[in-house]
Amino acid sequence: MGQADSVAAALENLQQSWTLTIHTAVVTSMCSWEMTLLSCGWDLKLNVTDLRPVVESGEPPMHIGSLDLPHAATSCAASRSRIFLACGSSEIEVISWSSGDAMLIGWDAPLRGHTRAVTAVAASDTLLYSSANDMSIRMWDASSGRAIATLGHNVEPCGTLSVAGDWILSTAQAG
């Protein structure tokens, strides 16, 4: 299958859609890691959904499980072994997980470095990026949680962050 065939197959799959009713309140953030969808909402839940049935048989995604959160997460990001949540404080909440089994393991120590509320997180390979109301964007080692660098000072807080190769993409913070 050539690259053009791959794009056509991907576009064909976009014509299918499902409504997942696993949250009981507004969904505030979603991210994916390989074939797993993670979603957070005002219902104080982190839900884990397996997307493999969609690819393998055209069936709807399958809800695997959920975790109660102490606060609503406004942004989530995932790496191979950790899930990162922005929950309205200056810390980034961290959950260990087994991405291969899509199984939540437990809470890790939060990442500390911002001085005001974290507004957005994004992960790419082994790096985590975060934006906060302290007007900074930080880069972290996603596996150890070690702060690597502050990429920007006096930067308007981001509403969302995304990573594409060497680019960090962001939206302005609402409000």
Side-chain angles (χ1 to χ4, degrees), residues 10 23 26-42 44-52 64-175:
H23 283 281
V26 172
V27 174
T28 56
S29 182
M30 295 187 312
C31 69
S32 62
W33 179 261
E34 295 176 349
M35 296 305 297
T36 304
L37 174 68
L38 304 164
S39 60
C40 302
W42 289 122
L44 308 182
K45 298 277 187 194
L46 167 66
N47 283 299
V48 182
T49 304
D50 186 357
L51 299 175
R52 285 179 296 196
I64 296 171
S66 60
L67 179 68
D68 292 328
L69 301 175
H71 309 285
T74 56
S75 182
C76 65
S79 70
R80 180 169 308 286
S81 63
R82 299 172 119 189
I83 299 168
F84 305 95
L85 305 170
C87 294
S89 75
S90 62
E91 299 175 343
I92 299 169
E93 299 294 335
V94 182
I95 301 167
S96 288
W97 78 309
S98 170
S99 62
D101 300 326
M103 182 172 56
L104 301 170
I105 296 171
W107 292 93
D108 288 348
L111 304 184
R112 294 181 175 95
H114 286 289
T115 58
R116 300 205 47 210
V118 177
T119 59
V121 290
S124 174
D125 297 323
T126 61
L127 298 176
L128 172 73
Y129 301 89
S130 61
S131 170
N133 285 336
D134 61 7
M135 308 292 279
S136 71
I137 295 177
R138 296 181 183 262
M139 181 171 60
W140 311 77
D141 178 316
S143 59
S144 70
R146 183 179 57 85
I148 296 173
T150 300
L151 302 178
H153 294 285
N154 296 319
V155 177
E156 287 295 320
C158 303
T160 62
L161 282 176
S162 185
V163 180
D166 292 340
W167 293 72
I168 300 173
L169 309 170
S170 67
T171 59
Q173 184 176 20

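Since we're looking at a predicted model, the values are computed, not measured. Here, residue 1 is the first one in the sequence, and each next residue gets the next number.
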- Task: Check whether any side-chain heavy atom of Trp140 lies under 4.5 Å from a side-chain heavy atom of Ile148, and answer yes or no.
- Result: no

- Query: Any side-chain heavy atom of Val118 within less than 4.5 Å of one from Glu91?
  - Reply: no

- Message: What I'd like to find out is whether the side chain of Val94 reaches to under 4.5 Å of the side chain of Leu111, using heavy atoms alone.
- Response: yes

- Examine the side chains of Trp97 and Ser81 and answer whether a donor and an acceptor come within less than 3.5 Å of each other. no

- Quick one: do the Arg138 and Thr150 side chains pair a donor with an acceptor below 3.5 Å? yes

- How about Glu93 and Ile95: do any of their side-chain heavy atoms sit closer than 4.5 Å? no

- Message: Is there a side-chain contact between Ile83 and Leu104 in this structure, where contact means two heavy atoms from C-beta onward sitting under 4.5 Å apart?
- Response: yes

- Taking it one step at a time, do His23 and Ser39 satisfy side chain to side chain contact (heavy atoms under 4.5 Å, CB included)? CA-CA 9 Å; His23 283 281; Ser39 60; 2.8 Å; yes

- Message: Going by side chain to side chain contact (heavy atoms under 4.5 Å, CB included), Thr119 matches just one of Thr160, Leu161, Asn133. Which one?
- Response: Asn133

- Task: Dump the intermediate steps for side chain to side chain contact (heavy atoms under 4.5 Å, CB included) on Ser143 and Arg82, then the final yes or no.
- Result: CA-CA 7 Å; Ser143 59; Arg82 299 172 119 189; 5.7 Å; no

- May I have the step-by-step check of side chain to side chain contact (heavy atoms under 4.5 Å, CB included) for Ile168 and Leu151, ending in yes or no? CA-CA 10 Å; Ile168 300 173; Leu151 302 178; 3.6 Å; yes

- Item | Short side-chain to backbone donor-acceptor contact, Asp134 and Thr115, under 3.5 Å | yes

- Would you say the side chain of Ile92 lies within less than 4.5 Å of the side chain of Leu128, judging by non-hydrogen atoms? yes

- Message: Between Leu169 and Val163, does the side chain to side chain contact (heavy atoms under 4.5 Å, CB included) criterion hold? Intermediate values first, please.
- Response: CA-CA 6 Å; Leu169 309 170; Val163 180; over 6 Å; no

- Any donor-acceptor pair under 3.5 Å from Ser75 side chain to Val121 backbone: yes

- Considering non-hydrogen atoms only, spot the tightest contact between Cys31 and Ala78 and give its length. SG-N, 3.9 Å

- Query: Would you find more than 12 non-hydrogen atoms of other residues, nucleotides or ligands less than 6.0 Å from Trp107 atom CH2?
  - Reply: yes

- Heavy-atom check, side chain of Glu34 versus side chain of Arg80, under 4.5 Å: yes

- Check: Trp42 and Thr28 side chains under 4.5 Å, non-hydrogen atoms: yes

